[in-house]
2 protein chains.
Amino acid sequence: MDIGNDTGRAADSVVAMLEAKIVSGELENQTPLPAERELMEQFGASRTVIREAISKLSSRGLIETRPRFRPIVRKPDYATVLHACGNVVQHLLTERSGIKNLYDSRVFIERALVREAAVAARKEDIVNLKTALEDNRQAIPDSQEFYRTDVAFHGVLYRIPRNPIFPTMHEGYTSWLAPQWDRMLRSPERNEVNYLAHKAILDAILERDPVAAEEALTNHLKAAWEFVRVTFDWGDE
Amino acid sequence: MDIGNDTGRAADSVVAMLEAKIVSGELENQTPLPAERELMEQFGASRTVIREAISKLSSRGLIETRPRFRPIVRKPDYATVLHACGNVVQHLLTERSGIKNLYDSRVFIERALVREAAVAARKEDIVNLKTALEDNRQAIPDSQEFYRTDVAFHGVLYRIPRNPIFPTMHEGYTSWLAPQWDRMLRSPERNEVNYLAHKAILDAILERDPVAAEEALTNHLKAAWEFVRVTFDWGDE
DNA sequence: GTGAAAGTTTGGTCATACCAAAGGTAACTC
DNA sequence: GAGTTACCTTTGGTATGACCAAACTTTCAC
């Protein structure tokens, strides 16, 4: 098991081999990687190379590293993609335009989602939506809890297409789009407003009216953006 | 300029500092990074640490590294996010379900895009679509060229919302969803079919008929998928 | 001025060493 | 004997210093 070509990056070979062992399951998921000194023997490479490989795997989300602990193998999944993006996305969000773009894309996606829901939601989806809405209603007095149920309600919409990519996107939106807004700018009054918005969306879905659903969703998210914008005294959009 | 805390990762401090210098522009975009031995002096760290930092920055897409050359500074943009995702996404595409999910999400997005186009396309968008379609028509005999114009036509749709996130997604779809399918499975006959599908989409947009546009787009992409599926003799979807 | 040759810089890799924290073990307390 | 504590070993984080080959510069010949 030696390292074939040498175009100036032995670490990449190690990365590739470890990558293969991870996806193949030879290195079991959630299991700590062998010690560095053992890997260097295994691959016939210096510790320098091994460490670089580990660093790269970490950046790619294939292993989880804590400061002084053994890296933990993590088989790549959709959340891994999110994790990999996160590092970079944060830079784009330092400018207002970046936040706006991300938020707009969310509105765009969710508009399509509620439209989809209105025409294609199954019985179970409807049940989930109703449950989520009820949880939402009951949480109105508790802003902390309301935030959670708010996210959960939208989350149901993302699960309707039964494509794991959408819940992943949802997770991205909620984790990147300044959760601090939502958590901090809440009050029972605003919670009530948002609950009613959710109810309007669900009502339109129950009516199987995609146009109304999309409109209700759009109003909901636009209003939320407007509230944030005004509160933080940002200029025009 | 020493390294403050020490929770077991001096490299991260260096990463953070370099990161700051990159986003602030102190390290100009498209400019080579200082030599490693210079950086170690600048940050008072060993070469080990400097190299690890460079590796991390590379993984995050903030610098571009070629085997034996100085890393080139690259201010993070939307393409950088794509780049960061790409490494991981590829793992999800080894399974058929991953490909299917990605393709379905593309269909979902484009459905929403053509709908948007039908109701909100501006004059310039229409012009761009017409031009792209005409290019597409003229390229029918040349499959290589047809592929290019095909991608370009869809690309116009992604630019209509004027949100850079969408063109980025488009780039992701075209680069991840097996370009080899599109490039290899083409023939003037199929090109003709696809051209007509594009024309149907544009016609619906010109009619300002979102329902018809969405339907035309859906048929187009579903047919393309079906063709690939049958050609590669995959089982049911 | 142009291209080749010689010299210098610099990235990639290795070997070695040290430290401090994590992990494990044996002794020790109650 | 369960729970501590003291101690020893392993192992990740970092620093040095060295060497090579490829990239970069300068020199020099024509």
Side-chain angles (χ1 to χ4, degrees), chain A residues 1-19 21-22 27-74 87, chain B residues 1-19 21-22 27-74 87:
Chain A
M1 182 168 297
D2 69 16
I3 301 167
N5 68 70
D6 187 331
T7 46
R9 27 187 64 196
D12 283 3
S13 306
V14 176
V15 167
M17 287 193 264
L18 285 175
E19 219 168 354
K21 291 194 175 191
I22 290 175
L27 284 173
E28 218 166 332
N29 197 12
Q30 298 292 16
T31 287
L33 223 55
E36 294 180 0
R37 287 163 173 92
E38 192 171 324
L39 289 173
M40 54 186 283
E41 187 179 347
Q42 194 172 333
F43 293 110
S46 70
R47 197 142 156 246
T48 313
V49 169
I50 299 296
R51 297 201 97 246
E52 190 175 332
I54 288 177
S55 171
K56 283 206 157 109
L57 286 173
S58 170
S59 295
R60 294 196 193 178
L62 289 165
I63 56 180
E64 264 176 68
T65 58
R66 274 186 308 157
R68 278 204 162 261
F69 293 76
R70 299 274 274 280
I72 305 286
V73 172
R74 212 177 75 182
N87 296 328
Chain B
M1 180 165 303
D2 69 18
I3 301 167
N5 67 69
D6 186 330
T7 46
R9 24 189 66 196
D12 283 3
S13 306
V14 176
V15 167
M17 287 193 264
L18 284 174
E19 219 169 356
K21 289 194 177 191
I22 290 174
L27 284 173
E28 219 165 331
N29 197 12
Q30 297 292 17
T31 288
L33 224 54
E36 295 180 358
R37 287 164 173 90
E38 192 170 326
L39 289 173
M40 54 186 284
E41 188 180 348
Q42 195 172 334
F43 293 110
S46 71
R47 195 142 157 250
T48 313
V49 168
I50 298 297
R51 296 200 98 245
E52 189 176 332
I54 288 177
S55 171
K56 283 207 156 109
L57 285 173
S58 170
S59 295
R60 295 196 192 177
L62 289 165
I63 57 181
E64 263 177 70
T65 58
R66 273 187 308 157
R68 279 204 162 262
F69 293 77
R70 301 274 276 278
I72 306 285
V73 171
R74 211 177 74 182
N87 295 329

Figure out the [atom1]/[atom2] separation between [X] and [N], and round it to whole Å.
X	N	atom1	atom2	result
B:Leu39	C:dG11	CG	P	8 Å
B:Glu36	C:dG12	CD	P	6 Å
B:Glu38	C:dT8	CD	P	19 Å
B:Arg47	C:dC14	CZ	P	13 Å
A:Glu41	C:dC14	CD	C1'	16 Å
B:Asp12	D:dG13	CG	P	10 Å
A:Arg51	C:dT16	CZ	C1'	15 Å
B:Met40	D:dT16	CE	P	7 Å

Spell out yes or no: do the side chain of [X] and the base of [N] have one donor N/O and one acceptor N/O closer than 3.5 Å?
X	N	answer
A:Arg68	C:dG23	no
B:Arg66	C:dG11	no
A:Arg9	C:dG11	no

### Task
Just compare D:dA15, D:dG12, C:dC14 and give me whichever is closest to any side-chain atom of A:Val49.
C:dC14
## Note on the structure
Comparing nearest nucleotides in DNA chain C, the 5'-proximal residue of the pair A:Ser46, A:Phe69 is A:Ser46
Within the 4.5 Å heavy-atom criterion, are [X] and [Y] side-chain neighbours or not?
X	Y	result
B:Leu39	B:Ile54	yes
B:Leu62	B:Leu18	no
A:Thr65	A:Ser55	no
B:Asp12	B:Lys56	yes

### Task
For A:Arg70, report the nucleic acid contact type (base, sugar-phosphate, nothing); a contact means any heavy atom under 4.0 Å.
sugar-phosphate
### Lys/Arg N to Asp/Glu carboxylate O, B:Arg37 vs B:Glu41, below 4.0 Å
no
## Note on the structure
Per nearest nucleotide of DNA chain D, the residue lying toward the 5' end, B:Thr48 or B:Arg37, is B:Thr48
